[in-house]
Amino acid sequence: GGNAIDAGVAAGICTCVLQIDMVDLAGVAPIIIYLAEEERVVTISGLGRWPQAASVEYFQKHHGGRIPVGVERCITPAAPDAWITALEKFGTMSLADVMAGAITLAEGGFPMHHFMAGNLQEDAEQMRQWPSSAAVFLPGGRPPEPGEVFVQRDLGRTMRRFVAAEASAQNRGREAGLQAARDVFYRGDIAREIAAFYASQGGLLTYDDLASFHVQIEAPVRVSFHEYDIYTCGPWCQGPALAQVLSLLAGYDLQALGHNSPAYVHLLTEALKLTFADRERYY
């Protein structure tokens, strides 16, 4: 009953359940949208920023310039705000509507698939460092096997808290409900629980970091490559690297070089090297 944005958000939040080894509800959600009626492309900067306490000097002083594994390398969770912003600005349905499938998959479980099973197997020893992670991803003390039903009840409960917050404010309208759902995560009880956990683990993220966070709606990066227009998200992701390498290659007759010929591979390799050097230096 909704539009493509409602469907995209629903699918994205389901991915946070079905691929939680790669994508997390409290992780990132870079979004790019083509608004067909306006023939316009927009992006939502669903990438968190570093806590205010993080700095180059901090990591040089405490970790020899490296960023250690664990809570000190975590950024502000951006995904909830990104999904809710997409719904608010471009969707039509409630968060409860689009989150229903993900809640069912979290609480009722789904058959573990080979890709996630392999990732959990590979990361099992590292995960044992954190009891709260091991309790979810290593049920019974081991990674789930393919085909075993994998349940995430805590995640389901968290999503239900979004839905309950939205319901408490929906008598004031759809936007008020979405704002209430956002606030419970960034300014309410969930934010306080996140901040307390980080403090207990020696992390840098604070309640103020969460309360002051908001994604941005931005124009995309655009480049023309022959008859195509290519749009990417901004320099908070790797998108501009794609745009830059295509700009470098636009003046070459790639077809004449022959697909995957030594000359073709060499040209692409050198263009990528230049682009990624610029990414590291300038982006």
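Please read all numbers here as calculations on a predicted model, not as lab measurements. For this chain, numbers begin at 1 and follow the sequence in order.
- No continuous path of hydrophobic side-chain contacts links Ile13 to Val151 [ILVMFWY only; heavy atoms under 4.5 Å].
- Note that CZ of Phe110 and CE of Met112 are 5.0 Å apart. Values are rounded to the nearest 0.5 Å.
- To the nearest 0.5 Å, atoms CG (Asp81) and CD (Gln216) are separated by 9.0 Å.
- Counted within 6.0 Å of CD on Glu37, heavy atoms from surrounding residues, nucleotides or ligands total 12 or fewer; the atom is thus considered open.
- Proximity of a side-chain donor or acceptor of Asp209 to a complementary backbone N or O of Gln52 within less than 3.5 Å is detected.
- In this structure the side chain of Pro30 never reaches within 4.5 angstrom of the side chain of Leu47, judged on heavy atoms.
- The nearest pair of heavy atoms linking Arg174 to Ser94 is NE-N, 4.4 Å.
- Within a 6.0 Å sphere centred on CD of Glu39, other residues, nucleotides and ligands contribute 12 heavy atoms or fewer.
- Taking CD of Glu107 as the start and CG of Asp154 as the end, the distance is 10.5 Å to the nearest 0.5 Å.
- With respect to Arg182 and Glu88, no salt bridge is recorded, no charged nitrogen being found less than 4.0 Å from a carboxylate O.
- The number of heavy atoms from other shown groups lying within 6.0 Å of CZ (Arg187) does not exceed 12.
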Does the side-chain contact (heavy atoms from CB on, under 4.5 Å) test come out yes or no for Phe137 and Ile20, once each step is laid out? CA-CA 9 Å; Phe137 297 114; Ile20 196 170; 3.3 Å; yes
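- Under the 30°/60° scheme for interplanar angles, the aromatic rings of Phe59 and His63 are found to be tilted.
- By the criterion of side-chain heavy atoms lying less than 4.5 angstrom apart, applied directly or through intervening Ile, Leu, Val, Met, Phe, Trp or Tyr residues, Leu272 is grouped together with Leu257 in one hydrophobic cluster.
- Enclosure of atom CD in Gln255 is not indicated, since only 12 or fewer non-hydrogen atoms of other residues, nucleotides or ligands lie within 6.0 angstrom.
- For Leu210 against Pro77, the heavy-atom pair with the smallest separation is CD2-CD, 3.6 Å.
- Listed for the Asn3 side chain is a donor-acceptor partner under 3.5 Å among the backbone atoms of Phe90.
- By the 4.5 Å heavy-atom criterion applied to side chains, Phe150 and Val136 are counted as neighbours.
- Between the Glu148 side chain and the Glu145 main chain, a donor and an acceptor come within less than 3.5 Å of each other.
- Each of Trp83, Phe213, Phe162 was checked for a ring-ring contact (aromatic ring centres under 6.0 Å, His included) with Phe185, and the lone residue meeting it is Phe162.
- Within the 4.5 Å cutoff, no side-chain heavy atoms of Cys233 are placed close to those of Ser45.
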Go through the steps to decide whether Ile103 and Val163 satisfy the test side-chain contact (heavy atoms from CB on, under 4.5 Å), and finish with yes or no. CA-CA 10 Å; Ile103 292 173; Val163 170; 4.0 Å; yes
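- A donor-acceptor pair under 3.5 Å is absent between the side-chain atoms of Glu280 and the main chain of Ala277, judged by distance alone.
- No more than 12 heavy atoms of other residues, nucleotides or ligands lie within 6.0 Å of OH in Tyr252, so this atom counts as exposed by the packing criterion.
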Worked check of side-chain contact (heavy atoms from CB on, under 4.5 Å) between Val9 and Met93: CA-CA 10 Å; Val9 173; Met93 300 175 79; over 6 Å; no
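- Here the shortest heavy-atom pairing between Tyr264 and Gly258 reads CB-O, 3.2 Å.
- Atom CG in Leu246 sits 9.5 Å away from atom OG1 in Thr232 (nearest 0.5 Å).
- Taking both residues in full, the closest heavy atoms of Ala241 and Tyr283 are given as N-CE1, 3.6 Å, listed atom of the first, atom of the second, then distance.
- Criterion: ILVMFWY side-chain heavy atoms under 4.5 Å apart, direct or through other members. Under it, Leu242 and Leu254 are part of a common hydrophobic cluster.
- Atom CG of Asp208 is separated from atom OG1 of Thr76 by 11.0 Å, given to the nearest 0.5 angstrom.
- Environment of NE2 in His226: crowded, with over 12 heavy atoms of neighbouring residues, nucleotides or ligands closer than 6.0 Å.
- Ile190 and Val71 fall within a single hydrophobic cluster, where Ile, Leu, Val, Met, Phe, Trp and Tyr are joined by side-chain heavy atoms under 4.5 Å apart, directly or via other members.
- In this structure, Phe115 and His113 have parallel ring planes: the angle between them is below the 30° cut-off, well short of the 60° mark.
- Thr43 places no side-chain N or O within 3.5 Å of a backbone atom of Pro220 that could act as its donor or acceptor partner.
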Does the pair Glu218 and Trp236 meet the rule for a side chain to side chain donor-acceptor pair (under 3.5 Å), with working shown? CA-CA 11 Å; Glu218 302 175 346; Trp236 41 266; 2.8 Å; yes
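- Note: Gln179 CD to Arg172 CZ = 9.5 Å, rounded to the nearest 0.5 Å.
- By the 4.5 Å heavy-atom criterion applied to side chains, Cys16 and Met99 are not counted as neighbours.
- Heavy-atom neighbours of Arg153 CZ from other residues, nucleotides or ligands within 6.0 Å: at or below the threshold of 12.
- Within the 4.5 Å cutoff, no side-chain heavy atoms of Asp97 are placed close to those of Asp6.
- Counting all heavy atoms, side chain and backbone alike, Arg128 lies closest to Ala134 at CA-CB, 4.3 Å.
- The two residues Glu166 and Ala181 come nearest to each other via the heavy atoms CB-CB, 4.1 Å.
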Would Met22 and Met116 satisfy side-chain contact (heavy atoms from CB on, under 4.5 Å), going step by step from the backbone distance to the final call? CA-CA 8 Å; Met22 304 291 289; Met116 185 170 171; over 6 Å; no
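- In terms of modelled atom types and a separation under 3.5 Å, the side chain of Gln152 and the main chain of Val17 share a donor-acceptor contact.
- Thr92 places no side-chain N or O within 3.5 Å of a backbone atom of Gly2 that could act as its donor or acceptor partner.
- In terms of hydrophobic clustering, with Ile, Leu, Val, Met, Phe, Trp and Tyr side chains grouped at heavy-atom distances under 4.5 Å, Leu248 and Val265 are assigned to different clusters.
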